[in-house]
> 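One structure follows; several queries about it will come next.
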Amino acid sequence: MKAYADASGDQNPLHQDDAFARVVGFPGIVAHGMFTMAHLASCVVAWLGDPAALKRLRVQFRAPVYMGETIVAGGTVRSLDAETRRAVLDVWVRLERDGAAEYPIRRGEAEVQLA
């Protein structure tokens with residue numbers, strides 16, 4: 001997380017100091033929300049095959065992600081304009097915590113240009 005904190009400029013100790021995170025009520029270090037969103041964006045781009053094809057990404061951060069957790073990005077096509085080949089995707093990031101699905105990113109939307 002230190003490398004991401006350095007790259008992003010967000011040096012909040014919540015993202016780097018386990019003892020601090022515990023003192024303020026979390027079970028440990030919390031991943032940067034933008035790190036979680038970057039994972040989602042990279043998955044959409046991998047699906048598209050071209051970074052320029054991702055035109056817009058909007059998300060709502062709904063739950064924290066802790067160190068050591070595995071996140072999974074997903075999405076569905078909500079709409080497709082056959083003429084322009086633009087699609088709107090409903091996207092999310094999910095993880096399993098204590099036997100239940102949690103959504104650190106929910107109600108996300110990506111607008112993409114299909115080849």
Side-chain angles (χ1 to χ4, degrees):
M1 284 294 148
K2 173 98 173 87
Y4 190 86
D6 290 344
S8 71
D10 182 351
Q11 297 295 329
N12 186 326
L14 182 64
H15 304 305
Q16 300 180 63
D17 184 332
D18 193 64
F20 178 84
R22 290 177 190 281
V23 164
V24 297
F26 292 98
I29 292 173
V30 177
H32 290 80
M34 294 302 288
F35 179 83
T36 304
M37 188 171 112
H39 172 72
L40 174 61
S42 70
C43 290
V44 172
V45 166
W47 176 71
L48 291 166
D50 177 9
L54 176 57
K55 301 302 182 185
R56 184 174 51 85
L57 181 61
R58 181 186 57 80
V59 303
Q60 290 181 353
F61 298 105
R62 309 298 287 183
V65 174
Y66 304 112
M67 293 295 291
E69 291 185 307
T70 301
I71 57 176
V72 177
T76 59
V77 176
R78 181 189 327 148
S79 65
L80 171 63
D81 183 320
E83 190 173 306
T84 64
R85 300 202 41 82
R86 284 265 174 139
V88 175
L89 313 176
D90 290 321
V91 294
W92 61 85
V93 172
R94 184 185 74 240
L95 61 84
E96 296 292 321
R97 183 179 292 144
D98 300 325
E102 290 265 346
Y103 288 86
I105 293 179
R106 176 175 246 163
R107 295 189 187 135
E109 179 179 278
E111 183 177 341
V112 300
Q113 181 68 53
L114 301 175

> For Phe26 and Pro64, work out which heavy atoms get closest and say how close.
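Minimum heavy-atom separation between Phe26 and Pro64: CE2-CG, 4.3 Å.
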
> Could you pull out all residues at least two apart from Arg85 that satisfy salt bridge (charged side-chain N to carboxylate O under 4.0 Å, His left out)?
none

> Applying salt bridge (charged side-chain N to carboxylate O under 4.0 Å, His left out) as the test, list every pair that has at least one member in residues 69-80; sequence neighbours left out.
Glu69-Arg97, Arg78-Asp90, Arg78-Glu109

> Can you give me the closest heavy-atom contact between Tyr4 and Phe35, atom names plus distance?
OH-N, 3.4 Å

> State which residues pass side chain to side chain donor-acceptor pair (under 3.5 Å) with Asp50; sequence neighbours excluded, sorted by chain then number.
none

> What residue pairs, at least two apart or across chains, pass side-chain hydrogen bond (donor to acceptor under 3.5 Å, both in side chains) with a residue in residues 26-45?
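As it turns out, there is no side-chain hydrogen bond (donor to acceptor under 3.5 Å, both in side chains) pair with a partner in residues 26-45 once direct neighbours are skipped.
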
> For residues 3-17, which residue pairs qualify under salt bridge (charged side-chain N to carboxylate O under 4.0 Å, His left out), counting only residues two or more places apart or in two chains?
Lys2-Asp6

> So, for Ile29 and Ala21, which heavy atoms are closest and what is the spacing to 0.1 Å?
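So the minimum-distance heavy-atom pair works out to N-CB, 3.8 Å.
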
> Just jot down the salt bridge (charged side-chain N to carboxylate O under 4.0 Å, His left out) partners of Arg22, sequence neighbours excluded, or say none.
Asp18

> Indicate if Trp92 and Leu89 have the same hydrophobic cluster label, given that clusters are the connected sets of ILVMFWY residues with side-chain heavy-atom separations under 4.5 angstrom.
no

> CZ of Phe61: more than 12 outside heavy atoms within 6.0 angstrom?
yes

> Using the rule side-chain contact (heavy atoms from CB on, under 4.5 Å), only one of Val65, Val72, Thr70 pairs with Leu95; which is it?
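It is Val65, the one option of Val65, Val72, Thr70 that forms the side-chain contact (heavy atoms from CB on, under 4.5 Å) with Leu95.
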
> Is the side chain of Gln113 donor-acceptor paired with the backbone N or O of Leu54 at a distance under 3.5 Å, no angle test?
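Checking the backbone N and O of Leu54 against the side chain of Gln113, no donor-acceptor pair under 3.5 Å is found.
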
> If you look at every heavy atom in Asn12 and Phe20, which pair is closest and at what distance?
OD1-CE2, 4.3 Å

> Stepwise, does the salt bridge (Lys or Arg N to Asp or Glu O under 4.0 Å) test hold for Arg94 with Glu102?
CA-CA 6 Å; Arg94 184 185 74 240; Glu102 290 265 346; over 6 Å; no

